[in-house]
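In this chain, residues are counted from 1 in sequence order.
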Amino acid sequence: MAQATARHILVDSEAKCEELKKAIEGGQDFAEVAKQHSSCPSGRNGGDLGSFGPGQMVPEFDKAVFNGELNTVIGPVKTQFGYHLLEVTSRS
């Protein structure tokens, strides 16, 4: 079964998501941005979600994680929780 490790940042607006994406692409550290801005409890750990398989996250998240490029900032991805930026750090 496929597995992925990823980290994410959860915010409540697409505009905020875009702003944070630009900051990360401009050189800010993903983990630091997650600690400062993510509304998910994982933000305290730099957004780290650990390892998970398909179907363990909401469908929109799953699709981005299992189809997106590795080690690039993906998003905004809209789910029922808000807007996410994701970074897939490994996939097998």
How long is the straight-line distance from CG of Leu70 back to OG1 of Thr89, given to the nearest 0.5 Å?
8.0 Å
Under 4.5 Å between side-chain heavy atoms, counting indirect links through other Ile/Leu/Val/Met/Phe/Trp/Tyr residues: same cluster for Val88 and Met57 or not?
yes
Can you tell me how far CD of Gln3 sits from CZ of Phe66, rounded to the nearest 0.5 angstrom?
6.5 Å
Side chain to side chain contact (heavy atoms under 4.5 Å, CB included) for Tyr83 and Glu18? Distances and angles first, verdict last.
CA-CA 10 Å; Tyr83 293 86; Glu18 291 285 2; over 6 Å; no
Is the backbone of Pro76 close enough, under 3.5 Å, to the side chain of Lys21 for a donor and an acceptor to pair up by distance?
no
Atom CG of residue position Asp12 - does it have more than 12 heavy atoms of other residues, nucleotides or ligands inside 6.0 Å?
no
Would Val77 and Val58 show up in the same hydrophobic cluster when neighbours are defined by side-chain heavy atoms closer than 4.5 Å?
yes
Holding to side-chain hydrogen bond (donor to acceptor under 3.5 Å, both in side chains), I want the full list of residues that pass it with Ser90, two or more places apart in sequence or in another chain.
Thr5
Cys40 to His8 - nearest heavy-atom pair and separation:
SG-NE2, 3.4 Å
Which value, rounded to the nearest 0.5 Å, describes the distance between Leu85 atom CG and Ile24 atom CD1?
5.5 Å
Using 0.5 Å steps for rounding, measure from the CG atom of Leu20 to the CD atom of Glu25.
11.0 Å
Looking at Asn45 and Gly47, would you say the former's side chain and the latter's main chain have a donor-acceptor pair under 3.5 Å?
no
Would you say Phe30 and Asp48 make side-chain contact, with heavy atoms under 4.5 Å?
no
Closest non-hydrogen contact found for Ala64 with Ile74 is O-CD1, 3.9 Å
Hey, what do you get for CD1 (Ile9) to CD (Gln36), rounding to the nearest 0.5 Å?
9.5 Å
Output yes when Lys22 and Glu19 qualify as a salt bridge under the 4.0 Å nitrogen-oxygen rule, no when they do not.
no
Is there a continuous path of hydrophobic side-chain contacts, each under 4.5 Å between heavy atoms, that joins Leu10 to Val65?
yes
Gap separating the CE atom of Met1 from the OG atom of Ser92, nearest 0.5 angstrom
10.5 Å
Keeping the roles fixed (side chain from Arg91, backbone from Gly68), state whether a donor-acceptor pair exists under 3.5 Å.
yes
Return each pair, listed once, that meets ring-ring contact (aromatic ring centres under 6.0 Å, His included) where at least one residue sits in residues 37-57; pairs must be two or more places apart or across chains.
none
Listing request: all side chain to side chain donor-acceptor pair (under 3.5 Å) pairs with a residue in residues 53-82, at least two apart in sequence or in separate chains.
Thr79-His84
